There are 2 protein chains.
Amino acid sequence: MNFVFNERDGCGKCPIRHRAVCARCDEEELAVLEGMKSYKTIAQGEPIIWRGDDLQHISSVVSGIASLSRTLEDGRTQVVGLLLPSDFIGSPGRETVDFDVTAVTDVTLCRFERKSFEKLVHEVPHISQRVMEMALDELNAAREWMVLLGRKTAREKIATFIEMVVRRDNVPIHAGQPHSLPLTREEIANFLGLTLETVSRQLSSMKKDSVLTFSDRRKFTVLDLAALQDATGDDADGGVII
Amino acid sequence: MNFVFNERDGCGKCPIRHRAVCARCDEEELAVLEGMKSYKTIAQGEPIIWRGDDLQHISSVVSGIASLSRTLEDGRTQVVGLLLPSDFIGSPGRETVDFDVTAVTDVTLCRFERKSFEKLVHEVPHISQRVMEMALDELNAAREWMVLLGRKTAREKIATFIEMVVRRDNVPIHAGQPHSLPLTREEIANFLGLTLETVSRQLSSMKKDSVLTFSDRRKFTVLDLAALQDATGDDADGGVII
DNA sequence: CAACAACTTTGACCCAGATCAACTTTATGA
DNA sequence: TCATAAAGTTGATCTGGGTCAAAGTTGTTG
């Protein structure tokens, strides 16, 4: 959502969003916000904000990846979303966050004082419309993910995830293109509702079946896109994430 | 979201929403919409709209319960949300629905022509703000549900679901109050990412443990609320659904 | 009210994925 | 460059919840 400031485009690259919402920046809005912003960088692995913490700022991810997650008392954790450049941390109208936010890679945030941001949401109709669109897109994506979590097999989950990563990289879809995996096996597991061992095994199995190759543990290439898409369990037509 | 018309209050009773968003109706908005609405009733079990269908109307549930779901090719289905009075079917800005919508009980809808509704969203800032708030609330609820689907055990899922139903009924929380279950075992299973047999077994087990009693298969009473809440797997403080 | 259909319960068995454990590979930094 | 840690792989085993099957309930309709 780079209507707020356009250091970075977030157009359709978010793994968890359907429609691009950028490329329609309004100059006046930018001007209003220009004086309000401040930047902050968080190192890989560090918490950005904990569930229940008081929300002083509404921030937008400028670079890097953050995760939204919830951990149950006994340590089971579920990642409920990845925040990529242009995604927001904090919602206007909420005084706390309901999930833990953690820097998956080094993350740079652009922050706005929450009160000012909320004032803006009320005064500039354009902005609430954009936030509305974003929220509706993410709601849709969250629901797609619910289908994955509730009904897909381990292999389908992994295939869906890999396809999402590939799609996000947004390069022409002929094979041979290398992609990089921003998450550890454990983070992938927590995103897919699996264990890290199962993730590892499924990736190995896809290697064995010549669907993927890994040049190193974070870099892979799709050898058989059709097989990958087949393995997602989704209809061929429509219904895709992103 | 009864800002649109207030035949029915939806205040805080939605099982999948955190904050009440009603009780702030604006007279002017009501007046504008008054001429646009039409009603429709759908019988229990009937489809309201299929995924991919062209969205002619934005509708709001007036009475009854509808489900939002996705079915994979081989028949596995996941319910991704329940639509209760005041919830919307269709989003401004979208030309199709991405999930199947089905009447769980008899459902009455109040419908608006989509184009007119969208025009209103653009012209009345108030409305996009409300839709934004709703969408953010539902997004949060969807993420909570992702935690359930990805990480909770069968018993925790059932306990969470029952607690949600009880909470939705919104009566003083001393035991003895009878509640009614609007869904079949199969629908519950599809909502929780389980099979109907597992749902049945878990409910029987909670009966055996004197956490619940059933007076008939759709009516139950909580005997031990503390045990129920304990079994949800959530922290005692905060983090609750609704 | 009989007979059929829809829904629910319960039992027996099985298997996908979790758990536990050993080991390998890669990264970090003194 | 060696030591230690972090991340990943692979194997052996276990188990929660799925699958299959049979009966029991409740509801509906002619």
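These numbers come from a predicted model, not from an experiment. In what follows, every chain begins at residue 1, and chains take the letters A, B, ... in the order their sequences are listed.
Using a cutoff of 4.0 Å between basic side-chain nitrogens and carboxylate oxygens, B/Glu163 and B/Arg168 are not scored as salt-bridged.
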Kindly determine whether A/Arg143 and B/Glu138 satisfy salt bridge (Lys or Arg N to Asp or Glu O under 4.0 Å), including the steps that lead there.
-> CA-CA 10 Å; A/Arg143 285 170 169 165; B/Glu138 300 220 355; 3.0 Å; yes

Please walk me through it: do A/Ile58 and A/Ile89 pass side chain to side chain contact (heavy atoms under 4.5 Å, CB included)?
-> CA-CA 6 Å; A/Ile58 300 274; A/Ile89 298 170; over 6 Å; no

Please walk me through it: do A/Arg76 and B/Glu156 pass salt bridge (Lys or Arg N to Asp or Glu O under 4.0 Å)?
-> CA-CA 13 Å; A/Arg76 285 172 287 173; B/Glu156 288 169 339; 2.7 Å; yes

Dump the intermediate steps for salt bridge (Lys or Arg N to Asp or Glu O under 4.0 Å) on A/Asp216 and A/Arg218, then the final yes or no.
-> CA-CA 5 Å; A/Asp216 101 34; A/Arg218 293 293 192 95; over 6 Å; no

Going through the distances and angles, do B/Asp74 and A/Arg151 end up as a salt bridge (Lys or Arg N to Asp or Glu O under 4.0 Å)?
-> CA-CA 11 Å; B/Asp74 61 357; A/Arg151 290 301 185 208; over 6 Å; no

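Base contact: B/Ser200 has a heavy atom under 4.0 Å from a base atom. Using a 4.0 Å heavy-atom cutoff across all strands shown, A/Arg185 reaches sugar-phosphate atoms only and no base atom. Within the nucleic acid shown, B/Leu196 comes within 4.0 Å of at least one base atom, counting heavy atoms only. Nucleic acid contact class of A/Ser204 (heavy atoms, under 4.0 Å, all strands): sugar-phosphate only. The residue B/Gly193 sits close only to the backbone: its heavy atoms come under 4.0 Å of sugar-phosphate atoms, none of a base.
Taking atom CD1 on B/Ile188 and atom C1' on C/dC7, their separation rounds to 12 Å, with Å as the unit. At whole-Å resolution of the value, CD in A/Gln44 and P in C/dA27 are 12 Å apart. When the C1' atom of C/dT8 is taken as reference, atom CZ of B/Phe220 falls 17 Å away, rounded to whole Å. Going from atom CG of A/Leu192 over to atom C1' of C/dA18 covers 15 Å, rounded to whole Å. The NZ-C1' distance, from A/Lys157 to C/dA18, rounds to 12 Å in whole Å. Remark: C1' of C/dA6 and CG of B/Leu183 are 16 Å apart, rounded to the nearest angstrom.
Inspection of the A/Asp100 and A/Ser69 side chains reveals no N or O donor paired with an N or O acceptor under 3.5 Å.
Mapping A/Arg151 and A/Val199 onto DNA chain D via the closest heavy atom, the residue that lands nearer the 5' end is A/Val199. In this structure, A/Arg217 and A/Ala154 both approach DNA chain C, and ranking their closest nucleotides by distance from the 5' end singles out A/Ala154. If B/Asp216 and B/Gln202 are placed on DNA chain D by their nearest nucleotide, the residue sitting closer to the 5' end is B/Gln202.
Side chain of A/Asp87 to backbone of A/Leu84: a donor-acceptor contact under 3.5 angstrom is found.
By the salt bridge (charged side-chain N to carboxylate O under 4.0 Å, His left out) test, A/Lys152 is found to be paired with A/Asp234, residues two or more places apart in sequence or in another chain being considered.
Annotation: cation-pi pair B/Arg70/B/Phe99 present, NZ/CZ under 6.0 Å from the ring centroid and within 45° of its normal.
For A/Thr198, whose side chain is taken as the heavy atoms from C-beta onward, the closest listed nucleotide among C/dG17, C/dT8, C/dG11 is C/dG17.
A nucleotide of DNA chain D counts as in contact with chain A when one of its atoms lies under 4.0 Å from a heavy atom; the first and last such, 5' to 3', are D/dA7 to D/dA12.
For A/Glu197 against C/dC20, a side-chain-to-base donor-acceptor contact under 3.5 Å is present.
One axis for each end of the helix from C/dC1-D/dG30 to C/dA30-D/dT1, each built from five base pairs, and the angle between them comes to 40° at 10° resolution.
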